[in-house]
A.B. asks: 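Below you will find the structure I want to go over with you.
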Amino acid sequence: MSQHGTAMDSPTATLADPRTADNVVYDPTLSELREFAREKETTTEYGSPSYVSEHQSRNADLTENALDAEFGAADYAHVRSALDAAADREMVCLDRKLGRHPENSYVCRYYVPKEFSRIALSWAKLLEPAPEDAEPDFTTVQVPDADEVAIRVLPDEGFTAVLGTDYSGEAKKSFLRLFMLDAKRQGGLGLHAGTKRVRLESDDGELETVGQVFLGLSGTGKSTLTAHGLGLEPPEDATMLQDDVCALRPDGTVAGSEGEGLYIKTIGLGPDEQPAMYEAATHESAVLENVDVAADGTVDFDSDAHTSNARGIVQREHLPSADEDIDLGSIDQVFFITRNPAMPSIAKLSPEEAAVAFMLGESVQTSAGDPDKAGEAIRVVGTNPFIIGSEGEEGNRFRDLISDLDVEAYLLNTGTVGGRDIGVDDTVTLLREVSRGCIEWADDATTGLTVPDSVPELDVSRFDVADALDDADEQLSDLREEREEYLDEFDDLDESIRSAVY
Ligand SMILES: Nc1ncnc2c1ncn2[C@@H]1O[C@H](COP(=O)(O)OP(=O)(O)O)[C@@H](O)[C@H]1O
Ligand SMILES: C=C(OP(=O)(O)O)C(=O)O
């Protein structure tokens, strides 16, 4: 710490080389990590390890970064205590590679006390091996048994201290947060979004690619829709490239982040609704966290005995819907998933309206988020709780990018219109026909949005907002007012976006 007690030398420079440090087991194998964590494992009926953690979700409210908050002595003391642990305690340290695109690829170094090797195991299974002898771009030190919960991010140093929590999502997101910031610094934008590549046969028999990006809050259908094959028959297909975080580049490429695994929610996972995900989660290569697993290894994905935020790390190679690629060559369409019952099943958005959708990041809380708040309206800019820097500027950047790149933008309601349920099959039909460009659009006087007039193989009139809601005009006018007030919070947001509120 400096003499003023408010700054510090580059934290990573103070860390010893983990390859030679006496207190560090450097780059252990996955089986060694599992062995180190043996005592905490319940082996499932599939042969995979399962663990229960003390903290079972992220501590967003105890997370601060040094660009958006002015760090004081207490913040630097947290950083220092993480560094001290890395220097003194018996640690494991691993390097992994985040992202494959040459401009969006980072060596990530993770330290955790050896007794918490299970967290390192989960994290390591998400990412690809790092090139040998590479120096880290980002470093995280996690000390789960620290007295106080605190996550402190030094973005310019690429350093994160995770204290007092043993949730492995904190390790994962510590690196993704910095991945997204760097995408923004390169003139693009980091997105909390899934990507999908759809290949369709054109009239002349050529295969044409449609690149899709899905943004949506937890539990609204991002994974379901990103991974769905859309009922296409070969040579046509639809595959998932990335399910959580990606980098939209100014040239329209969407760079993926996690090359090896997915951190999925497992509550209610079953072979009928999500066969591909179920197959991957019941493979011996998966790691289960906070899933109800009996002493004899019997797994109950329906039980929320530990938490409804039960998780699994599943391997892409065992997930039939996952493509080998994680980078999408070009973004053609972006979808904002919502569950607002006053919104149509799908609407086509102008770039300004798309930026409004981005800023609203609007949905209804599902039980996969905070079970106590299920049903309440929630708004998170970009559906991304990991933004560093001005949120309004992200909205402006988003509008500029999709306008420059000529991206089609859509709002997708995966809940109900009024009380009328929009099923997975309905949404999949809409997605398939949007990909093919086979939907006829018309202006809707009630919502002011551009909605389908006709969709092949779907009676879309069922989702007419005016028809489905008793008091559509009143509800929409209240909603608009509420949204306007919310957008007023963002000083940096362009007026043209503010006035495109729907
Ligand atoms: N129209 C719909 N589109 C997508 N998912 C839907 C729809 N209707 C119901 N669902 C259900 O909602 C849940 C969405 O979960 P998931 O895809 O894991 O969400 P996320 O990835 O956004 O956290 C799934 O159980 C899915 O079956
Ligand atoms: C790891 C997390 O992110 P996500 O829900 O996007 O998987 C989390 O928020 O706990």
Side-chain angles (χ1 to χ4, degrees), residues 53 55-61 63 119 122-123 126 151 162 165-177 180 190-196 214-228 230 240 242-246 257-258 261-270 272-278 281 289-290 301-302 307-314 321 335-339 341 343-346 361 363-370 374 378 380 382-386 412-417 420-432 458 462-463:
S53 58
H55 289 252
Q56 299 178 333
S57 59
R58 284 185 313 104
N59 284 282
D61 49 338
T63 305
I119 312 177
S122 292
W123 176 72
L126 294 171
I151 294 102
V162 177
T165 164
D166 60 348
Y167 183 58
S168 47
E170 299 282 9
K172 168 187 157 92
K173 294 294 184 180
S174 69
F175 296 105
L176 290 170
R177 192 183 281 121
M180 287 196 270
L191 298 176
H192 185 209
T195 54
K196 183 182 187 93
F214 292 85
L215 285 88
L217 283 166
S218 204
T220 57
K222 190 152 56 80
S223 306
T224 304
L225 300 175
T226 309
H228 205 287
L230 301 185
M240 185 271 290
Q242 189 72 161
D243 89 316
D244 190 20
V245 167
C246 52
S257 54
E258 295 167 305
L262 273 65
Y263 193 57
I264 65 162
K265 282 183 287 295
T266 57
I267 196 80
L269 187 64
D272 298 332
E273 303 88 47
Q274 289 171 281
M277 219 51 114
Y278 184 80
E289 292 182 349
N290 303 320
F301 287 122
D302 289 327
T307 169
S308 57
N309 187 32
R311 298 279 182 155
I313 292 89
V314 301
S321 50
F335 297 89
F336 293 94
I337 309 176
T338 182
R339 286 220 163 148
M343 289 291 104
S345 55
I346 190 167
S363 192
V364 171
Q365 187 80 257
T366 66
S367 60
D370 182 344
I378 33 173
V380 181
T383 66
N384 184 359
F386 312 99
L412 202 57
N413 181 357
T414 57
T416 64
V417 181
R420 301 176 189 175
D421 186 45
I422 307 166
V424 177
D425 288 351
D426 299 321
T427 304
V428 162
T429 303
L430 290 168
L431 279 179
R432 192 177 55 237
L458 188 75
R462 201 153 49 94
F463 303 129

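Every number for a ligand or one of its atoms is a count from 1 in the order of the listing.
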A.B. asks: Do L225 and K196 have side chains that get closer than 4.5 Å, going by heavy atoms?
C.D. replies: no
A.B. asks: Hey, does Y167 come in under 3.5 Å of ligand 2, counting only N/O atoms on both sides?
C.D. replies: yes
A.B. asks: Would K265 count as being in polar contact with ligand 1, using the rule that some N or O on each side must be under 3.5 angstrom apart?
C.D. replies: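 Yes: some nitrogen or oxygen of K265 is under 3.5 Å from one in ligand 1.
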A.B. asks: May I ask you to check whether G216 has an N/O atom sitting below 3.5 Å from an N/O atom of ligand 1?
C.D. replies: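 No.
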A.B. asks: Within the structure provided, determine whether T427 and H228 are in side-chain contact (heavy-atom separation under 4.5 Å).
C.D. replies: no
A.B. asks: Going by the atom numbers of ligand 1, which of them fall below 4.0 Å from some non-hydrogen atom of L217?
C.D. replies: 22 (O)
A.B. asks: With the threshold set at under 4.0 angstrom, would you say R339 reaches ligand 1 through any of its heavy atoms?
C.D. replies: yes
A.B. asks: I need the atoms of ligand 1 closer than 4.0 Å to a non-hydrogen atom of T224, numbered in the order shown.
C.D. replies: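 The atoms of ligand 1 under 4.0 Å from a heavy atom of T224 are 14 (C), 15 (O), 16 (P), 17 (O), 24 (C), 26 (C).
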A.B. asks: Decide yes or no for R58 and F386: does some side-chain heavy atom of the first lie under 4.5 Å from some side-chain heavy atom of the second?
C.D. replies: yes
A.B. asks: Counting C-beta onward and ignoring hydrogens, is there a side-chain heavy-atom pair between N309 and K265 closer than 4.5 Å?
C.D. replies: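 Sidechains of K265 and N309: in contact.
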A.B. asks: Look at the aromatic rings of F335 and F214 and report parallel, tilted or perpendicular, splitting at 30° and 60°.
C.D. replies: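 Parallel: the ring planes of F335 and F214 meet at under 30°.
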A.B. asks: Among E170, K265, R58, whose heavy atom sits nearest atom 8 (C) of ligand 2?
C.D. replies: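 Ranked by closest heavy atom to atom 8 (C) of ligand 2, first place is R58.
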A.B. asks: Ignoring hydrogens and angles, state whether a donor on the side chain of E289 or S53 is under 3.5 Å from an acceptor on the partner side chain.
C.D. replies: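 No pair is found: no donor N or O on one side chain lies under 3.5 Å from an acceptor on the other.
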A.B. asks: Can you tell me how far CG of D244 sits from NZ of K173, rounded to the nearest 0.5 angstrom?
C.D. replies: 3.5 Å
A.B. asks: Please say whether S223 places an N or O atom under 3.5 Å from an N or O atom belonging to ligand 1.
C.D. replies: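 Between S223 and ligand 1 (N or O atoms, distance only) the closest approach is under 3.5 Å.
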A.B. asks: Evaluate the side-chain proximity of E170 to I119: yes if any heavy-atom separation is below 4.5 Å, no if none is.
C.D. replies: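 No, side chains not in contact.
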A.B. asks: Which ligand 2 atoms does Y263 reach within 4.0 Å, using its non-hydrogen atoms?
C.D. replies: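 Near Y263, the atoms of ligand 2 are 1 (C).
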A.B. asks: Is T383 close to I337 at the side-chain level, that is, under 4.5 Å between some pair of heavy atoms?
C.D. replies: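 The answer is no; the side chains never approach within 4.5 Å.
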A.B. asks: Considering only heavy atoms of T427, which atoms of ligand 1 have at least one such atom less than 4.0 Å away?
C.D. replies: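 By the 4.0 Å cutoff, the relevant atoms are 1 (N), 2 (C), 3 (N).
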A.B. asks: If I apply the N/O under 3.5 Å rule, does K173 come out as touching ligand 2?
C.D. replies: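 For ligand 2, there is an N or O atom that lies under 3.5 Å from one belonging to K173.
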A.B. asks: So, is H192 polar-close to ligand 2, with some N/O to N/O distance under 3.5 Å?
C.D. replies: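 N/O-N/O distance under 3.5 Å: yes.
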A.B. asks: With heavy atoms of G423 as the reference, note each atom of ligand 1 found under 4.0 Å away.
C.D. replies: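 Listed by number with element: 1 (N).
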A.B. asks: At less than 4.0 angstrom from any non-hydrogen atom of D244, what atoms of ligand 2 do you find?
C.D. replies: 6 (O)
A.B. asks: Geometry only, no angles: is N309 polar-contacting ligand 2 at N/O separations under 3.5 Å?
C.D. replies: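 There is no such contact.
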A.B. asks: Kindly indicate whether the side chain of L430, heavy atoms from C-beta on, has any atom under 4.5 Å from the side chain of S345.
C.D. replies: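 Of all side-chain heavy-atom pairs linking S345 with L430, at least one is under 4.5 Å.
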A.B. asks: Would you say R311 contacts ligand 2, with heavy atoms under 4.0 Å as the rule?
C.D. replies: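 So R311 counts as touching ligand 2.
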A.B. asks: Give the atoms of ligand 1, by number and element, whose distance to some non-hydrogen atom of S218 is under 4.0 Å.
C.D. replies: 23 (O)
A.B. asks: Does any N or O atom in L225 lie less than 3.5 angstrom from one in ligand 1, N or O only?
C.D. replies: no
A.B. asks: Scan T414, T220, T416 and name whichever one has a side-chain hydrogen bond (donor to acceptor under 3.5 Å, both in side chains) with R339.
C.D. replies: T414
